[in-house]
Amino acid sequence: QVQLVESGGGLVQPGGSLRLSCAASGRTFRSYSMGWFRQAPGKEREFVATLTWTDNVVYTDYADPVKGRFSASRVSPKNTLYLQMNSLKPEDTAVYYCASGNPTWTQRRSPYNYDYWGQGTQVTVSS
């Protein structure tokens, strides 16, 4: 079992920045991927970013709408996952979730392939 606790959401104006945190506990050693997903009202949960690690190698992956603006990172040994969000846009407004699991490499962008989820934190981008 893995427990995930998210924090850092809030209200920010367009062009602003926000940093989300996800604290992981439990059997984190059994998961080699963590990800950030978001869900807006009435919409499907969508991929934002993932981190996948094996030994000393960490791979990051980003959805096209957030490339160049968002940055995902972790602190060793994978206890905390971060999402730095810059140049925020109104369309970034959503509940942001962190997730943990063992997806295949080719399907690591799909939320269906993650086993554990945080409670979500609201991000609202509005003037």
Side-chain angles (χ1 to χ4, degrees):
Q1 186 81 6
V2 175
Q3 295 81 44
L4 305 172
V5 180
E6 299 157 330
S7 62
L11 175 65
V12 65
Q13 294 188 1
S17 298
L18 210 59
R19 190 190 192 193
L20 306 183
S21 299
C22 175
S25 61
R27 294 189 172 187
T28 57
F29 61 89
R30 301 188 67 177
S31 299
Y32 62 79
S33 290
M34 293 185 70
W36 288 100
F37 297 82
R38 65 188 183 186
Q39 187 168 20
K43 297 183 179 180
E44 296 285 330
R45 189 168 299 185
E46 67 176 4
F47 158 76
V48 176
T50 62
L51 280 80
T52 303
W53 45 82
T54 176
D55 295 327
N56 294 321
V57 180
V58 180
Y59 302 93
T60 55
D61 189 27
Y62 297 95
D64 287 340
V66 307
K67 285 184 178 178
R69 299 189 298 119
F70 290 10
S71 179
S73 61
R74 69 176 179 93
V75 293
S76 183
K78 308 187 291 295
N79 290 331
T80 304
L81 182 70
Y82 298 100
L83 183 67
Q84 178 67 46
M85 304 183 294
N86 300 320
S87 301
L88 284 162
K89 305 175 181 179
E91 52 262 43
D92 295 318
T93 296
V95 177
Y96 283 70
Y97 300 89
C98 65
S100 176
N102 295 298
T104 63
W105 176 255
T106 57
Q107 297 191 357
R108 66 195 187 279
R109 291 184 169 195
S110 174
Y112 295 101
N113 296 307
Y114 291 83
D115 301 311
Y116 305 102
W117 293 85
Q119 80 286 353
T121 184
Q122 177 70 47
V123 172
T124 302
V125 185
S126 176
S127 60

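Just so we're clear, the structure is a prediction, and the values are computed from it rather than from any experiment.
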Quick one: does any side-chain atom of [X] pair with a main-chain N or O of [Y] as donor and acceptor, under 3.5 Å?
{"X": "R109", "Y": "F47", "answer": "no"}
{"X": "T93", "Y": "V125", "answer": "yes"}
{"X": "N102", "Y": "Y32", "answer": "yes"}
{"X": "Y97", "Y": "G35", "answer": "no"}
{"X": "Y62", "Y": "A72", "answer": "yes"}

Going from [atom1] on [X] to [atom2] on [Y], what distance comes out if it is rounded to the nearest 0.5 angstrom?
{"X": "S17", "Y": "R19", "atom1": "OG", "atom2": "CZ", "result": "11.5 Å"}
{"X": "M34", "Y": "L81", "atom1": "CE", "atom2": "CG", "result": "4.5 Å"}
{"X": "R45", "Y": "S110", "atom1": "CZ", "atom2": "OG", "result": "11.5 Å"}
{"X": "L83", "Y": "S71", "atom1": "CG", "atom2": "OG", "result": "8.0 Å"}
{"X": "R27", "Y": "S100", "atom1": "CZ", "atom2": "OG", "result": "13.0 Å"}
{"X": "N79", "Y": "R74", "atom1": "CG", "atom2": "CZ", "result": "9.5 Å"}

Identify the heavy atoms of [X] and [Y] that sit nearest to each other, and give their distance.
{"X": "L4", "Y": "Y116", "answer": "CD1-O, 3.5 Å"}
{"X": "M85", "Y": "L20", "answer": "CE-CG, 3.7 Å"}
{"X": "Q122", "Y": "A94", "answer": "NE2-O, 3.5 Å"}
{"X": "R38", "Y": "D92", "answer": "NH1-OD1, 2.9 Å"}
{"X": "T121", "Y": "S7", "answer": "OG1-C, 4.3 Å"}

Worksheet item: Within a reach of under 6.0 Å around CD of E91, are more than 12 heavy atoms found that belong to other residues, nucleotides or ligands?
Response: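 For E91, atom CD is crowded (more than 12 foreign heavy atoms under 6.0 Å).
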Fill in: ILVMFWY cluster membership beyond Y112 - transitive side-chain contacts under 4.5 angstrom
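ILVMFWY cluster around Y112 holds nothing else.
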Same apolar cluster (I L V M F W Y, side chains within < 4.5 Å links), [X]/[Y]:
{"X": "W117", "Y": "V95", "result": "yes"}
{"X": "V75", "Y": "V5", "result": "no"}
{"X": "F70", "Y": "V12", "result": "yes"}

Worksheet item: Hey, what's the ring geometry for F37 with Y114, parallel, tilted or perpendicular (30° and 60° as the breaks)?
Response: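 Perpendicular, since the angle between the ring planes exceeds 60°.
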Worksheet item: Can K67 and D64 be counted as an ion pair, charged N to O under 4.0 angstrom?
Response: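 Salt bridge between K67 and D64, a charged N being under 4.0 Å from a carboxylate O: yes.
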Worksheet item: If you draw the axis of the six-membered ring of W105, does the NZ or CZ of R108 fall within 45° of it and under 6.0 Å from the ring centre?
Response: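 Pair R108/W105 counts as cation-pi.
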Worksheet item: Do T50 and Y59 come close enough that some side-chain heavy atom pair is under 4.5 Å?
Response: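 SC-SC contact between T50 and Y59 ruled out.
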